[in-house]
Participant: 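Got a structure here, written out as structure tokens. Questions coming.
Since this is a predicted model, take the numbers as computed values, not measurements. Just so you know, ligand 1 is whichever comes first in the structure, and atom 1 is the first atom listed for that ligand.
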Amino acid sequence: MSDFSVTDAQLSILAQMKISAIKAVDLHDSLGRVLAKNITANRNHPPYDVSAMDGYAVIHADIATTTPDAPISLSIVDDIRAGQMPKITIGKGQAARIMTGAPTPAGIDTVIRVEDTTLNGDEVAILTPPQKGANIRPLGENLKTGHVVLTKGTLITPGVLAILAMVKQKQVPVFGKPTVAILSTGDELEAIDEPIDENKIPNANSHALYAQCKSLGIEATLLGIAKDDPEDLRAKLTEGLRYDVLLASGGVSVGHHDFVRPILDELGITFHFWRVAMRPGHPLAFGTTENGTAVFGLPGNPVASMVCFEEFVGPALRAVMGHKKILLRTVQARLPHNVKGAGNRTLFIRVTLELDDQGYVASLTGAQGSGVLMSMALAEGLMIVPADSGTLQAGDMVTVQLLQGMDCQSESDL
Ligand code: AMP
Ligand code: MG
């Protein structure tokens, strides 16, 4: 099988993903999840015409010709607070004092801001006339009873959650989350709770992948470290196949002790591809079981494992959770220096982003070897150098994917 391009690999994975079943969660737990049903308003909001300002409710015809030099005065016959229903109908030459959010009284058609008036005892002088109808929020401006206000597939942001609260959706129908297991493989690996052995390599991948899942709202299960030993691998991979998604890192290359693929093969996995034309991340196996478990054989190099998560696993998990926007958001940035391409492979370079007066500038986070995890620790984004693009020149515009949590900018940009 020849190498898949990044896009073909993504499409091949997404073709295997099925959206999770619907479940109901508490309103607060719905944040960041995807609405699984249309939501209909069960009330009007506002429930009646309300004032948008603190001021005076008036009949526009009474004050249409008022000026600051010859202000028209009205007598104040009522005082309406938010949450109070007005009892008096306002007549010619009259006004009601009214607070923001209070229902407008019968008879009026306009609200004058308090700043545009002067108070004289129980009379109010109107200094400038607004447009007829000004400063009134009409009944149902925000929500109308019986109308669909949120559609299935909507990402639940704080703004969406506020609407759900307004329509009293204490339980929210959302798409479920997949169960995910993470396994690291390699005789050289040292677990986080083991004492330091200078001859070993600390296990970073399990924790990096755990954190990447968690940033998508998924609490993954860590299956620990498997030795480069067929029996241990068989046992731990079998355990992993009980989950919806299995992430195994290391041992997927063509080395003498890379047993992950042959054992998955033996366990009945159908492989859709096992190499992608990219750097980092060339050895990447993807397969499925008859029961629908998706198995990612991720490269062992820590940067490669994390980049493959961002490009392939993250989009797959988002698709399962019903997200419509499954790829990392991109911005255009300027290169401050030349960057050599990687031949026929797509290159993902770890960068920081700074704003100058012409837009974003993408700077490398130091050495870019696939074992240099610091390059990932410092990164705000992944710059894409498409396959076959030769050397990019300083000043060229490039596409940068924003990493999770990197969507705020510096106070110095104020
Ligand atoms: P492999 O893909 O198994 O050949 O591993 C490639 C490189 O990644 C080797 O240098 C490994 O030591 C390293 N590596 C593999 N798994 C991990 C891990 N879980 N944490 C940190 N480094 C790893
Ligand atoms: Mg290995």
Participant: Side chains of residues 20-31: which donor-acceptor partners sit under 3.5 Å, not counting sequence neighbours?
Facilitator:
{"unit_1": "S20", "atom_1": "OG", "unit_2": "G176", "atom_2": "O", "d": "3.3"}
{"unit_1": "D26", "atom_1": "OD1", "unit_2": "Q171", "atom_2": "NE2", "d": "2.4"}
{"unit_1": "S30", "atom_1": "OG", "unit_2": "L27", "atom_2": "O", "d": "2.6"}

Participant: Between the protein and ligand 1, which nitrogen or oxygen pairs come in under 3.5 Å, and how far apart is each?
Facilitator:
{"unit_1": "ligand 1", "atom_1": "2 (O)", "unit_2": "G300", "atom_2": "N", "d": "3.1"}
{"unit_1": "ligand 1", "atom_1": "3 (O)", "unit_2": "G251", "atom_2": "N", "d": "2.8"}
{"unit_1": "ligand 1", "atom_1": "8 (O)", "unit_2": "G300", "atom_2": "O", "d": "3.2"}
{"unit_1": "ligand 1", "atom_1": "8 (O)", "unit_2": "N301", "atom_2": "N", "d": "3.2"}
{"unit_1": "ligand 1", "atom_1": "12 (O)", "unit_2": "E188", "atom_2": "OE2", "d": "2.6"}
{"unit_1": "ligand 1", "atom_1": "14 (N)", "unit_2": "G300", "atom_2": "O", "d": "3.2"}
{"unit_1": "ligand 1", "atom_1": "19 (N)", "unit_2": "S184", "atom_2": "OG", "d": "3.2"}
{"unit_1": "ligand 1", "atom_1": "19 (N)", "unit_2": "N203", "atom_2": "OD1", "d": "2.9"}
{"unit_1": "ligand 1", "atom_1": "20 (N)", "unit_2": "A204", "atom_2": "N", "d": "3.0"}
{"unit_1": "ligand 1", "atom_1": "20 (N)", "unit_2": "N205", "atom_2": "N", "d": "3.4"}
{"unit_1": "ligand 1", "atom_1": "20 (N)", "unit_2": "N205", "atom_2": "OD1", "d": "3.4"}

Participant: Could you go through the side chain to side chain donor-acceptor pair (under 3.5 Å) check for N142 and H45 one step at a time?
Facilitator: CA-CA 5 Å; N142 183 41; H45 177 261; 3.0 Å; yes

Participant: Show me the pairs that pass salt bridge (Lys or Arg N to Asp or Glu O under 4.0 Å) and involve residues 242-261, at least two apart or across chains.
Facilitator: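 Applying salt bridge (Lys or Arg N to Asp or Glu O under 4.0 Å) to every pair that reaches into residues 242-261, excluding sequence neighbours, yields E239-R242.
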
Participant: D49 and T104: side chain to side chain donor-acceptor pair (under 3.5 Å), yes or no, with the steps?
Facilitator: CA-CA 6 Å; D49 291 356; T104 56; 4.6 Å; no

Participant: Do NZ/NE/NH1/NH2 and the carboxylate oxygens of D356 and R334 come within less than 4.0 Å?
Facilitator: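 Answer for the salt bridge query: yes.
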
Participant: Strictly by side-chain hydrogen bond (donor to acceptor under 3.5 Å, both in side chains), give each pair with a member in residues 269-278 just once, sequence neighbours left out.
Facilitator: D3-R275, H272-T288

